[in-house]
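Every number for a ligand or one of its atoms is a count from 1 in the order of the listing.
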Amino acid sequence: MAAYEPQKSDKFTFGLWTLGNPGRDPFGDVVRTGFTPVEMAQELGKLGVYGLNFHDNDLLPFGASVGEHDRIMAEFKKALDDNGLRVPMATTNLFFHPVFKDGAFTSNDPQVRAFAYQKVMYSMDRGAELGAEIYVFWGGREGAEVDASKDAVTAVKRMRDAINFFCEYSREQGYNYKLALEAKPNEPRGDIYLPTTGAMLGFIATLDHPEMVGVNPEYAHETISGLNFYHAVAQAVDAGKLFHIDLNGQKVGRFDQDLRFGQEDYKTNFFLVRLLENSGFQGMKHFDAHPLRTSDRDDALAFARGCMRSYLILREKAQRFDADPEVREILAQIHAGDAELEEHLSGYSQNKAQALKGRRFDPDALASKPLPYERLDQRLFDILMGVA
Ligand code: GCO
Ligand code: MN
Ligand code: MN
């Protein structure tokens, strides 16, 4: 097997909107022809990609007839089969059409909310037809610039009503969906409700079927606000809620860049990949990014190959780090345990409390234990840079 060549077992997926992106931005027009869904299946099938994900309208034009949708579905299914691809995840576009300019589930207008529900149900039906098992909710326009216009408590209640509704719908239809909530702090709204993965985890606990709902954290979304994505994902892993993940690149404090995975912050990406690999994450590694605006179609394919290659290189670096004798020696030193004390620290009992209260500690001795973090972090740098 050639080095860093993606395999189906890696479960790499791309959204239809990634290579479909023609490079338009708020300041400038289209710069290349985006890949059609069928072209994406043909090109990415050759590269070892596992599957393609879609928003309803990436595939099925808004407002087209059901007959037209059926024809497109059949054509897309054939392209998937011919190229050995699946559709593991589906989602709804609740942000593009002007009807959603002030939100979908959190709109003040019940007609807009009802239309959004209808659109989601139709899209869930289409996703299920293609075998999708994860349904993502990203509240792109569920936010505000003018807080006087919407009550923020009501907004969260409306989000809850919506997610509860779709859990029941999925159950009633006998679909196999797990719902994955994707947080983002801003863009396209000034402020988006439930802005972080942590906020989503808190929200999930308030739902009627929390067991059906998890998160879809995105590297760029936590990074925009300067948060540590590795920590956010770790909390989701601990909660058993990491259902899906959106991988890309982003600089802190910039606009929503959606860069190639690995393009920025190698170190955070290293810890992220190491976490995904070592925690036994079984879900899809989904690239939610797009080629640079300077890319032509050839370079767009280099972007797709690059996302996967970077992941596989970081995976190898993680193995190397975990096996490195110097790293192991330092970690053994700083993690040296105390089995008896650990026992006392987890699970309360009156006896443990008494024992801890009566124990003598030597804080000065504890404070003088060496913590060779400079050596450890330099070793990581050497490994990442390929000189170790
Ligand atoms: C973004 C989001 C979206 C969602 C997608 C799937 O910043 O635009 O990341 O790409 O992931 O809508 O729900
Ligand atoms: Mn995003
Ligand atoms: Mn995303």
Chemist: On a heavy-atom basis, I'd like to know which of E187, M89, E218 is closest to atom 9 (O) of ligand 1.
Modeler: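 Selected option, by shortest heavy-atom distance: E218.
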Chemist: N/O to N/O below 3.5 Å, does that happen between H55 and ligand 1?
Modeler: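 Min N/O separation from ligand 1 is below 3.5 Å for H55.
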Chemist: Have a look at T106 and tell me which of E142, R141, K157 forms a side-chain hydrogen bond (donor to acceptor under 3.5 Å, both in side chains) with it.
Modeler: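 When E142, R141, K157 are each tested with T106, the side-chain hydrogen bond (donor to acceptor under 3.5 Å, both in side chains) holds only for E142.
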Chemist: Looking only at N, O or S atoms, find the one in E218 nearest to the Mn ion (ligand 2) and name it.
Modeler: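 For E218, the N/O/S atom sitting closest to the Mn ion (ligand 2) is OE2.
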Chemist: Determine, step by step, whether E277 and Y311 satisfy the side-chain hydrogen bond (donor to acceptor under 3.5 Å, both in side chains) criterion, reporting the C-alpha distance in whole Å, the side-chain angles of both residues, the deciding distance to 0.1 Å, and the verdict.
Modeler: CA-CA 11 Å; E277 295 297 322; Y311 185 97; 2.6 Å; yes
Chemist: Looking only at protein heavy atoms, identify the closest one to atom 10 (O) of ligand 1 and say how far it is in Å.
Modeler: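 Heavy-atom neighbour on the protein nearest atom 10 (O) of ligand 1: D288 OD2, 2.8 Å.
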Chemist: Among Ile, Leu, Val, Met, Phe, Trp and Tyr joined by side-chain contacts under 4.5 Å, find the other residues sharing a cluster with F255 and list them by chain and number.
Modeler: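 None; F255 is a cluster of one.
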Chemist: With the threshold set at under 4.0 angstrom, would you say F137 reaches ligand 1 through any of its heavy atoms?
Modeler: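 The answer is no, since F137 has no heavy atom less than 4.0 Å from ligand 1.
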Chemist: With side-chain hydrogen bond (donor to acceptor under 3.5 Å, both in side chains) as the criterion, how do N248 and D258 come out once you've worked through the C-alpha distance, each side chain's angles and the decisive distance to 0.1 Å?
Modeler: CA-CA 6 Å; N248 54 12; D258 281 338; 3.1 Å; yes
Chemist: Considering the heavy atoms of H221, write down every atom of ligand 1 situated less than 4.0 Å from one of them.
Modeler: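 Close to H221: 1 (C), 2 (C), 7 (O), 9 (O).
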Chemist: Is K184 close to ligand 1, meaning an N/O of one under 3.5 Å from an N/O of the other?
Modeler: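 Among all N and O atoms of K184, at least one is under 3.5 Å from an N or O of ligand 1.
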Chemist: Return the set of residues passing salt bridge (charged side-chain N to carboxylate O under 4.0 Å, His left out) with D364 (not counting sequence neighbours), or none when no residue passes.
Modeler: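 For D364 there are no salt bridge (charged side-chain N to carboxylate O under 4.0 Å, His left out) partners, ignoring immediate neighbours.
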Chemist: Here's a test for you: under salt bridge (Lys or Arg N to Asp or Glu O under 4.0 Å), which of R379, R375, K317 qualifies with D324?
Modeler: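 For D324, the salt bridge (Lys or Arg N to Asp or Glu O under 4.0 Å) test succeeds with only one of R379, R375, K317, which is R379.
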Chemist: Which one of F137, Y122, Y175, Y135 satisfies the ring pair (Phe, Tyr, Trp, His ring centres under 6.0 Å) criterion with F166?
Modeler: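 Going through F137, Y122, Y175, Y135 one by one, the ring pair (Phe, Tyr, Trp, His ring centres under 6.0 Å) with F166 is satisfied by F137 alone.
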Chemist: Is there a polar contact, in the sense of an N or O pair closer than 3.5 Å, between E182 and ligand 1?
Modeler: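 By distance alone, the answer is yes.
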Chemist: Report the part of D258 (side chain from C-beta onward, or backbone N, CA, C, O) that has a heavy atom under 4.0 Å from ligand 1; answer both or neither where that applies.
Modeler: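 Within the 4.0 Å criterion, D258 makes no contact with ligand 1.
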